[in-house]
Amino acid sequence: MRAFLVMLSIVALLVLAALLTGFLRFDQTQMAQLPRLEGGQAPKFNADVADISVGTENKTVAVPQVTVRKPGDPAAQ
């Protein structure tokens, strides 16, 4: 239960940060109306999220060669 509350608070902080930085924006397009005798209307929202584009590039990376030798192997000395 404690881990769930911690995760929930982290998600809430991330959403708040996204709203404050303009990364996430909600615009209400239709107001809500309470039902009188019947009917009613739920509010409508448009969510505008930032556009993220991710690219890739190929690179050659030098990786060191690792050789494993057993302790009794004569080449290990």
Side-chain angles (χ1 to χ4, degrees):
M1 182 69 176
R2 188 178 199 182
F4 175 72
L5 291 175
V6 170
M7 292 299 291
L8 186 63
S9 62
I10 290 173
V11 168
L13 288 174
L14 288 175
V15 169
L16 181 63
L19 287 170
L20 290 175
T21 59
F23 187 75
L24 180 62
R25 187 179 68 212
F26 290 105
D27 295 324
Q28 187 172 3
T29 59
Q30 180 177 342
M31 298 298 292
Q33 293 180 355
L34 293 174
R36 301 254 190 266
L37 296 175
E38 62 182 49
Q41 168 177 309
K44 290 185 181 177
F45 292 92
N46 283 338
D48 183 22
V49 272
D51 185 24
I52 300 173
S53 58
V54 178
T56 60
E57 69 180 57
N58 294 327
K59 288 202 172 200
T60 304
V61 179
V63 179
Q65 183 178 6
V66 178
T67 307
V68 178
R69 296 188 183 118
K70 294 182 182 180
D73 196 6
Q77 296 174 4

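Quick note: residue numbers are just sequence positions, from 1.
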Besides Leu20, the hydrophobic cluster formed by Ile, Leu, Val, Met, Phe, Trp and Tyr side chains linked at under 4.5 Å, directly or via other members, contains Leu16

Cluster membership besides Met7, Ile/Leu/Val/Met/Phe/Trp/Tyr side chains within less than 4.5 angstrom, sorted by chain and number, is none

By side chain to side chain contact (heavy atoms under 4.5 Å, CB included), Ala17 pairs with (sequence neighbours left out) none

Minimal heavy-atom distance between Leu24 and Leu19, with the atoms involved, is O-CD2, 3.3 Å

For Ile10, the other hydrophobic cluster members (4.5 Å side-chain criterion, sorted by chain and number) are Val6, Leu14

Students should find that the hydrophobic cluster of Leu13, defined by side-chain heavy atoms under 4.5 Å apart, otherwise consists of none

Residue set satisfying side chain to side chain contact (heavy atoms under 4.5 Å, CB included) with Phe23, at least two apart, ordered chain then number -> Ala18, Thr21, Ala50, Ile52

